[in-house]
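Computed from heavy atoms alone, side chains included, the values below leave out hydrogens, waters and symmetry copies. Bear in mind that the values here come from a model prediction, so they are computed numbers and not experimental data. Throughout, protein chains are lettered first and strands after them, A, B, ... in sequence-line order, and every chain is numbered starting at 1.
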Amino acid sequence: MFHRAAVVIAAVATLAPRLAHAERVVTGSVVDHATGMPVVGALVAIGSVDAATEDDGTFRATNVAGGRLDVVVIADGYRAYFGSTRAGATLAIRLEPEGTSSEVIRVRGRMPVTPPMQLDTQAIRDQPGAGNDVLRALQSLPGVARTPFGLGGLALRGTAPRDTKVFLDGIEVPLLYHFGGIASFIPTAAIDDVVLEPSGAGVRYGRGLGGVAVATTRTGRRDRWRVGGELSLIHAATIAEGPGPMRGSWLVGVRRSYFDAIEEAAQLDLALAPRYADAQLRWESGDGRWMALLFGSDDSLRFLPSEGSSGGIDTSNVKSLSYASRFVRLGARYRAVHGATSVMVLPSVGVDHVDARANHEGVDKGMERVTVPLHLRAEVATAALRGTLTVGFDGGAQLHSYDMNNTPPPTAMDPSPDDVVHRTLDRWASDVGVWAEQSWFVAGDRVEIRPGLRADRFGLSEQVTLDPRITVHEVLCHGLRLTQSLGRYHAPPLVTDYDPIFGDRIMPGSSSTQVTAGMKQQLGDDKELSATVYYNRLGELPVDAITSATPASANGSTESGGLLGISRELVDTQFGSYSYREGIGSGHAYGLELIGRRTAGAWTGWVAYTFARSFRRNPARGDTTAPYVLDQPHALTIVGSTALGKKWRLGGRFRFTTGNPLTPVAAAYLDASGDWVPVDGAILSQRLPDFMQLDVRLDRAWRRPSGLWKLYIDVQNITNRSNAEGVTYNTDFSRRSFTTGLPIFPSIGVEVIP
Amino acid sequence: MCAAAAVLAACGDGIVVEPVDEAVSGARLMVEWVFYGDGSRQPAPQAFYDTELHARCQPGTWVDGTRRCIPVADPAIYTRPDCTVPIGVGLTNQHPDLFIGYEIEFGVARPKRIYRALAPVAQPEAAYQLSDGECFGVGATPPGIPYFALAPGFDGNRMAVIDERDDGADGERLAQVVVESSDGLRVPIGFRDREAGALCEPEQRASGTVCAPRAAPSDIYLDPSCREPGIALFDGPQPSVVSHPGPDGCRLDYRVGPVVEGAFYRRNGAVCELVPFDGFVRGYRLGAPVEPIRLEREVDDATGRRLQRVTLASGSVRARSDRMFDTATRDECRPVAFGDVLRCLPARAAHATYLLGPGCGVSVLVAEMRAPACAPVAFAMSSADGFPEIRAIGDPAGPLFDAFGAAGCVPHVPPADHVVYDLGPPIPPETFTGGRIAGER
């Protein structure tokens, strides 16, 4: 048991105040993890403020400080609970009896005052279909488009996956998910906090058109060394934490999949053999001032030649294929609080390496791409102008290097390239951003006004952008909270749009204007309703500018839609150079998100409905506006779980989304070589059948001296419904069939939480 | 709010959009379309795509007399004198899938069997053909083309039966001619003037758009001064409508009148001369005038497209024209083949002809047209290297000449009311919207 005073002191020391004044209330409930019964009389420390739970397990901490707050809960017979939160949050905390542990994970639609969603660690871990992965669980949230086969990628509020920026402790992550979206780049056990802002993000983060996902790693416990892990059908992971220098702590994790080994050993007749691994090493000083983080991810994929097609894609001409994608990041953070001023400095360095090789029609093709980012993030927050002023620097330089041996994409000068061309690129480019944000609380702290301005210079496009943004929060009567935001966003071009084959060019970055308005109503202590409307206008989007030689309906262009088009959206930033693009596209997206959630009681979970439309216009395709490839007008997600006695827990997730758009083959003709060539129908004018899937998960827990042992059985698509994810055609395009998604897919694993 | 919604709903109910009779594919036979580069398209009803045989097919008469959609394929011949071993002749297709075996009946080749192509084989020494139930040698096979062994093949029952009929409301003069098949294919291919008893074609005239009946031109005069026009016909089917220029030189249509006995005449320049017809030809007077059916014409306004579809309507018939409206030339166009590519060339084009310059040393391409024209014409068409060549019509030309043997180089005298116009340089084909025929899927 930790001493109360020490805990509170430690919590106060790690504060980074962000709000000068706030409504400053944190509420919530504390229950027994296994039984769900309220824990009465628990001490809840929110930063420097203490509160005690009532008879029904609820607590209310008032006048808490702004910014990230450490949370400590202490109750007799239970392990101490460590987590973090922000003012305005409502927490649902489950305490483990002595000998077990728990952490808090929060997933939010907006921060900090009115987060529409907060999920604790257990809710994430128990979420059916999420595969024990917090970042995969984000895909069940409203505003997040569903990707085929769970391929991953966060496409938020009508924007592309590449428009979403993901950060781990402030360090940008180049690839959120391992290949195929099976798992994210970091295991849940290493994460303390995830904040998802689907749109309307503040000026702290830039160079993205969509939302921002910010994950925070967990501080390892330093009383003694502990080891936990996970063993499942697809991967094994271990995580250890213990005392470190400067009275600090270590957190070490490593994970590797073995699907490739199983596939090889069992001699399964599958075309692709994926493998992934990731590792994390984190140290934080005891006073929270210093933190160092090293993390990396390694994906590789081998293609095992077979006849015909794979996943609906014609692979008959592919003799071999190998793909490897790796990245590593090393960062060090210093932060300190002096009176009303806080300082944070975070330098980081990394290496990204993508190596793809293939033998296509007897010709060796390939690409090796190395990116070395050197980055510095720094910010200072202080009381000024009768509020809180925060200024920051967010920039650095990147070495872009690639070596490519491939048939170049069609260009205006060569609309039908046939020959494999070798080209190389080595280029330094610096992207530098500075920002300032002011926060005022008015009307008796019931209204927060947070204007900001961000300026960026994009090195590749030699472009300077100015992004003003403003967010307003209001706390009204009866627990009703409103939020409005308006902002301008810019993203730089991709380096692959500067392929030497395209000659000297300046490709502008793209832009968006985002407007959101939301309301959230707390109903009692355990229920909440929220609604958000948004509108995004997108400009200068990169679109395929040379289209005449390549039918969209069959060649996998973005506008083909279905599986091929979406796949291109997902891997665009890694490969690029699929096509000659110009920043002449535009688009708009709008939607309504409704969430009803119950956070405590016999059943917990949420019902989320999203009406969302997203459109794109490519002038090279004519003067028409077509749906975006991930335009899914209707999405319904129902997530629920309940305890079955003291040891068992049962949960389910049902998802419905409108089928993705696709470009039909309108007709076909024989070319001179005797091959059938499709003729495009109206671009993205048809849709795949609607998607429906039911996932079920069953958990069983055992408490042992070594920690909490959990067995989970997670069955995705338990009804074995054949969901169409793409289309394939016969030789003369007279017959169309669907590529179906994941069949019934059981996942069984054992997890040890020390 | 509710009242407003009701008003809006009522407004919506009040909007009536006339359905347009458009080509519709069947479950098996698919319509072929011309897909233009600007995104527009129009049916190409000459052929369809058979999704069971995986082949293009065209309406034709099978050997049993049934109208079927017969695959577009090269012919099969026989290599033995007993006509038992067929072989495919790759006349036009280097990658053939099907071949057609024919039998000649009374001099007409009728398709009798469809064969699937196997491997290429050597050129056979001789070719044989079935004719009226017997096997005849037809000489040596042509060299330099591929020949293919054939699988046993199948007969006409595997092909879709098609029907061509008139479709229109009872009592209405205009009917639409449609091709249909039992699998649901329905393709309008033209119009029929029921009253005139003839197919008719949309035509833009100074007075508006009409469906001009297909007519035979009057080719004789019934009097020695060439004032009363008539038509000379052989025995056999007679045309229903005869056309003859009116006083203004523009076309007028007439029914075929009664038979006329006696001599017939024709104009040769300014001379009216006797026509030495034999006894197989009969002369007919022109009957009652035929007024063409007036059509309502409507041009689509599809955003961003150079070519627009044209809708024609009369009575209950409302159908698409076989021509597109080219917004660049402000004139109608129709697809013309340039190798593998089609281009929508002006539908109304004068014929370009060569005259000679002064001294008859240089040929000059000109257009000789009636003035004033019955309908405005902006382009003239000629042919170069087997491809159409389009030129813009310019100003009236200066003096031009004809070379007449012993008469030498004499000034060219246009017919009465005709003017010779200069032509501009050839317009690059790429100027006109390109397209390609492809079968619907």
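When heavy atoms are compared at a cutoff of 4.5 Å, A:N730 approaches chain B solely by way of its side chain, counted from C-beta outward.
Counting only heavy atoms from C-beta outward, the side chains of A:D732 and B:R441 approach each other to under 4.5 Å. Considering only heavy atoms from C-beta on, A:W676 stays 4.5 Å or farther from B:H54 through its side chain.
Contact between A:Y669 and B:I437 at its shortest, heavy atoms only, is CB-O, 3.4 Å.
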Side chain to side chain contact (heavy atoms under 4.5 Å, CB included) between A:R735 and B:T51, worked out = CA-CA 8 Å; A:R735 298 282 183 271; B:T51 55; 3.7 Å; yes
